[in-house]
Every structure is written in structure tokens, then in C-alpha cells.
Amino acid sequence: MTQTPAQPLAQLDAIADCEARIGAAFARIGAGVAALQARSCASASVSDGALAAERAANAALSERVRLLGEKQQTAVAGLERRLAEAEEELSRLRRLNRDLVEANRVLLAAEGDLNGPLADMALRAELCALRAERRLELTEIGAIVAAIDPLIASPASGAAVQPPADPTQEGADHA
């Protein structure tokens with residue numbers, strides 16, 4: 001078998017053609033790899049950005065929770081202080097009321113005549129003191145209900161415990 005001079009040239013052309021196609025394939029592969037790397041980097045930067053945004057949002061919410069906790073502690077401390085003051089005042093008024101009732105009993109026992117003006121005045125004073133103590137107790141109950149109401153109110157039902165009517169109006173026409 002003898003080769004013609006055109007055959008080696010044809011083989012070289014075929015090899016060159018294969019080389020060109022292989023080079024083009026490598027170029028396409030390189031472009032594909034570069035595109036994948038670019039997408040991967042972009043995806044990583046988007047993921048990093050989303051992660052940073054979530055961390056910032058989490059930090060903001062944590063700060064808000066901390067501030068709300070401090071505000072609640074301050075409010076609770078204020079309510080506890082007001083309750084202690086009210087308890088002291090209530091105790092003082094009850095003590096004074098007991099003293100008044102006892103003084104009225106002594107006065108009525110010494111007077112002997114239950115129809116006398118002094119006995120009438122003593123009974124009126126005792127009645128007023130008892131009404132004042134009742135109004136104070138109703139006010140205290142109203143304050144407790146008002147403080148507890150937001151804690152027990154159900155947003156779904158919309159129903160909340162109503163505080164009692166204005167205790168200062170009760171018995172005003174009986175005085």
C-alpha cells in the first residue's frame with residue numbers, strides 16, 4: 001500500500017480539524033466552568049447577604065425583647081410600690097375605723113339614751129366611716145382588676161373582665 005501525497009495532508013487536516021474541535025470543546029467547558037463559578041459566587045454572596053440580614057433582624061428583635069422586658073419590670077415595680085402604699089393607707093384607715101367604732105360604743109354606753117343627739121351623731125359618723133371603708137375596698141378591687149385585666153384578656157374572644165362601677169358614686173345619696 002502506497003500512500004499518495006494527498007493522504008498525509010488529509011490526515012494532517014483531519015488532525016488539525018480534531019484539534020480545533022477539541023480546543024473549541026475545551027473553550028466551551030472552560031466557559032461553562034467559569035459560569036458555574038460565577039453563579040456559585042453570586043449564590044454564596046446572596047446567601048451571605050440573606051444571612052447577614054437575618055442576623056441583623058434577629059439582633060433588632062432581641063434588643064426589642066430586652067427593652068420590653070425592662071419596661072415591664074419597671075411597670076411591675078411601680079405597681080408593686082403603689083400597691084404597698086395603698087395597703088398601708090388601707091391598714092391605717094381600718095385602724096382608725098376600729099377606733100371610731102370603739103369610741104362610739106363607749107359613747108353610746110355612757111349616754112344611755114339612744115335617741116339623744118350625741119348618739120345620733122355618733123351613729124352617723126360610724127356609718128360614714130363604714131361607707132368610706134367600703135369605697136376604699138371597692139377602689140382597691142378596681143385597681144387590682146385594672147392591673148390584671150390586660151393579662152387575662154383574650155384577644156380572640158375580645159371579652160375582658162370589667163372593673164366595678166365607680167365606687168365613689170356608690171352610696172353618695174345615702175350620706
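Predicted model, so just to flag it, every value in this text is computed and none were measured.
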**Request:** Look up atom CG in L51 and atom CG in N58, then write down how far apart they are to the nearest 0.5 Å.
**Result:** 10.5 Å
**Partner of R131 by side chain to side chain contact (heavy atoms under 4.5 Å, CB included), out of R134, E133, R135** = R135
**Asked** How far does CG of L68 sit from CD of Q73, to the nearest 0.5 angstrom?
**Response** 11.5 Å
**Item:** Spacing of I15 atom CD1 and I22 atom CD1 [to the nearest 0.5 Å]
**Value:** 10.5 Å
**Message:** How about CD on E70, more than 12 heavy atoms from neighbouring residues, nucleotides or ligands closer than 6.0 Å, or not?
**Reply:** yes
**Message:** Heavy-atom count check: over 12 atoms from other residues, nucleotides or ligands less than 6.0 Å from E54 CD?
**Reply:** no
**Prompt:** Which atom pair, heavy atoms only, marks the closest approach of L100 to A129?
**Reply:** CD2-CB, 3.4 Å
**Asked** More than 12 heavy atoms of other residues, nucleotides or ligands under 6.0 Å from CZ of R66: is that the case?
**Response** yes
Contacts under 3.5 angstrom, residues 77-92 side chains, donor-acceptor by atom type, not counting sequence neighbours:
from	atom 1	to	atom 2	distance (Å)
E89	OE1	R92	NE	3.3
E89	OE2	R92	NH2	2.8

**Item:** Inter- and intrachain pairs under salt bridge (Lys or Arg N to Asp or Glu O under 4.0 Å), touching residues 137-147, at least two apart
**Value:** R94-E137
